[in-house]
Novice: 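What follows is a structure written as structure tokens; I'll ask about it next.
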Amino acid sequence: QVQLVESGGGLVQAGGSLRLSCQASIRTFSPYAMGWFHQTPGKEREFVAGIRWSGASTKYADSVAGRFTISRDNANNTVYLQMNSLKPEDTAVYYCAARLTYYSDTNWRAYAYWGPGTQVTVSS
């Protein structure tokens with residue numbers, strides 16, 4: 001029902017910036033909240049940021065608050081994650097996720113739809 005594709009990952013030096021995009025394809029109109037998560041080998045997927053369907057409310061993990069910004073363009077079914085002041089510990093595969101409701105959630109299990117992920121590598 002919802003297909004997601006991330007883009008914008010890559011290799012960047014510490015202190016640099018990247019902007020991730022998530023393009024959503026949805027067959028029938030439904031409001032959906034979005035989240036960004038990241039995962040490193042051997043660890044569980046972790047919440048990074050979430051945004052409500054309206055875009056009026058956002059949530060961030062403590063580790064990225066003040067450095068990352070999530071936003072969305074509903075006209076184009078796209079969600080963004082602007083990542084500034086990147087640190088080596090931000091290195092991970094980043095996934096966007098959707099849930100067919102108005103409100104985002106910090107628990108990855110609350111999301112039914114996932115993109116394939118994009119690698120972000122921050123060198124020191």
Side-chain angles (χ1 to χ4, degrees):
Q1 191 170 3
V2 180
Q3 292 184 313
L4 304 172
V5 178
E6 304 94 340
S7 61
L11 174 64
V12 65
Q13 288 189 330
S17 297
L18 282 174
R19 188 173 85 153
L20 305 184
S21 299
C22 176
Q23 179 68 54
S25 298
I26 182 165
R27 289 192 175 187
T28 56
F29 175 77
S30 176
Y32 56 96
M34 296 292 295
W36 284 97
F37 292 78
H38 67 199
Q39 189 170 26
T40 54
K43 296 185 70 175
E44 191 168 274
R45 203 161 288 190
E46 295 180 339
F47 174 77
V48 175
I51 188 165
R52 189 181 290 190
W53 159 248
S54 67
S57 177
T58 56
K59 303 176 185 178
Y60 297 94
D62 289 344
S63 60
V64 307
R67 299 188 297 123
F68 291 10
T69 302
I70 187 171
S71 61
R72 67 188 299 161
D73 175 358
N74 286 349
N76 292 300
N77 290 324
T78 305
V79 176
Y80 304 97
L81 184 68
Q82 178 67 43
M83 305 187 295
N84 298 330
S85 302
L86 281 161
K87 304 175 181 180
E89 51 263 44
D90 295 318
T91 296
V93 177
Y94 282 72
Y95 299 90
C96 67
R99 59 195 302 254
L100 298 182
T101 183
Y102 288 97
Y103 305 103
S104 66
D105 198 290
T106 60
N107 189 333
W108 65 267
R109 296 173 182 83
Y111 294 80
Y113 304 97
W114 292 84
T118 185
Q119 176 70 47
V120 170
T121 303
V122 184
S123 63
S124 57

Novice: Assess whether atom OH of Tyr103 is packed by more than 12 heavy atoms of other residues, nucleotides or ligands within 6.0 Å.
Specialist: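 Count not over threshold, so no.
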Novice: Taking all heavy atoms of Ala49 and all of Tyr60, pick out the closest pair and write down the distance.
Specialist: CB-CD2, 3.7 Å
Novice: Which pair of heavy atoms, one from Trp36 and one from Ser21, lies closest together, and at what distance?
Specialist: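 Smallest interatomic distance, heavy atoms only, reads CH2-O, 3.7 Å.
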Novice: Is there a continuous path of hydrophobic side-chain contacts, each under 4.5 Å between heavy atoms, that joins Tyr111 to Ile51?
Specialist: no
Novice: Hey, is the main chain of Ser104 close enough, under 3.5 Å, to the side chain of Lys59 for a donor-acceptor pair?
Specialist: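 It does hold such a pair.
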Novice: List, one per line, each side-chain donor-acceptor pair under 3.5 Å for residues 61-72, sequence neighbours excluded.
Specialist:
residue: Arg67; atom: NH1; partner: Ser85; partner atom: O; Å: 2.9
residue: Arg67; atom: NH1; partner: Asp90; partner atom: OD2; Å: 2.8
residue: Arg67; atom: NH2; partner: Ser63; partner atom: O; Å: 2.8
residue: Arg67; atom: NH2; partner: Asp90; partner atom: OD1; Å: 3.0
residue: Arg67; atom: NH2; partner: Asp90; partner atom: OD2; Å: 3.4
residue: Arg72; atom: NE; partner: Asn74; partner atom: OD1; Å: 2.6
residue: Arg72; atom: NH1; partner: Tyr32; partner atom: O; Å: 3.0
residue: Arg72; atom: NH1; partner: Arg52; partner atom: O; Å: 3.1
residue: Arg72; atom: NH2; partner: Tyr32; partner atom: O; Å: 2.9
residue: Arg72; atom: NH2; partner: Asn74; partner atom: OD1; Å: 3.3

Novice: Mind checking whether Asn84 and Ser17 have side chains closer than 4.5 Å, heavy atoms only?
Specialist: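 Asn84 reaches Ser17 side chain to side chain.
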Novice: To the closest 0.5 Å, what do you measure between CZ (Arg109) and CD (Glu44)?
Specialist: 4.5 Å
Novice: Restricting to non-hydrogen atoms, name the atom on Val2 and the atom on Ala98 that form the minimum distance, rounded to 0.1 Å.
Specialist: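 Closest approach of Val2 to Ala98, heavy atoms only: CG1-CB, 4.3 Å.
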Novice: When you compare the side chain of Gln119 with that of Thr91, does any pair of heavy atoms fall below 4.5 Å?
Specialist: yes
Novice: Just to verify, what does Arg27 make a salt bridge (charged side-chain N to carboxylate O under 4.0 Å, His left out) with, not counting sequence neighbours?
Specialist: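 None.
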Novice: Quick check: do Leu100 and Gln1 have side-chain heavy atoms less than 4.5 Å from each other?
Specialist: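 Counting from C-beta outward, Leu100 and Gln1 do come under 4.5 Å.
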Novice: Supply the atom-to-atom distance Phe37 CZ to Tyr95 OH, rounded to the nearest 0.5 angstrom.
Specialist: 12.5 Å
Novice: Do Met34 and Val48 share a hydrophobic cluster (ILVMFWY, side-chain heavy atoms under 4.5 Å, transitive)?
Specialist: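 In one cluster with Met34: Val48, yes.
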Novice: Please check: side-chain N/O of Tyr80 versus main-chain N/O of Asp73, any donor-acceptor pairing under 3.5 Å?
Specialist: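 Such a contact is absent between Tyr80 side chain and Asp73 backbone.
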Novice: Is Tyr102 linked to Tyr113 within one hydrophobic cluster, defined over Ile, Leu, Val, Met, Phe, Trp and Tyr using a side-chain heavy-atom separation of less than 4.5 Å?
Specialist: yes
Novice: Is there side-chain contact between Trp108 and Gln39, with heavy atoms separated by less than 4.5 Å?
Specialist: no
Novice: Are any of the side-chain heavy atoms of Arg45 and Trp114 separated by less than 4.5 Å?
Specialist: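 The answer is yes; the side chains approach within 4.5 Å.
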Novice: Closest approach of Ala92 and Thr40, non-hydrogen atoms and distance?
Specialist: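 Closest heavy-atom pair between Ala92 and Thr40: CB-CG2, 3.7 Å.
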Novice: Suppose we screen for salt bridge (charged side-chain N to carboxylate O under 4.0 Å, His left out). Which residues come up paired with Arg19, at least two apart in sequence or across chains?
Specialist: none
Novice: State, yes or no, whether a side-chain contact exists between Val79 and Leu4 at a heavy-atom distance under 4.5 Å.
Specialist: no
Novice: Nearest 0.5 Å, what's the OG1-CG distance between Thr118 and Leu18?
Specialist: 9.0 Å
Novice: Honestly curious: do Met83 and Val12 fall in one hydrophobic cluster under the side-chain, below-4.5 Å linking rule?
Specialist: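 Cluster IDs for Met83 and Val12 match.
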Novice: Could you pull out the closest heavy-atom pair between Thr106 and Phe47, with the gap in Å?
Specialist: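 Minimum heavy-atom contact is O-CB, 3.2 Å.
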Novice: Less than 3.5 Å apart, any donor N or O on the side chain of Gln23 or Thr78 sitting next to an acceptor on the other?
Specialist: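 Yes, because at least one side-chain N or O of Gln23 sits under 3.5 Å from a partner of the opposite role on Thr78.
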Novice: Verify, without hydrogens or angle tests, whether Glu6 (side chain) and Cys96 (backbone) share a donor-acceptor contact under 3.5 angstrom.
Specialist: yes
Novice: Nearest 0.5 Å, please: how far is NZ in Lys87 from OG in Ser124?
Specialist: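 Between Ser124 OG and Lys87 NZ, I get 14.0 Å after rounding to 0.5 Å.
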Novice: In terms of heavy-atom contacts, does CD of Gln3 have more than 12 from other residues, nucleotides or ligands at under 6.0 Å?
Specialist: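 Open: at most 12 neighbouring heavy atoms sit under 6.0 Å from CD of Gln3.
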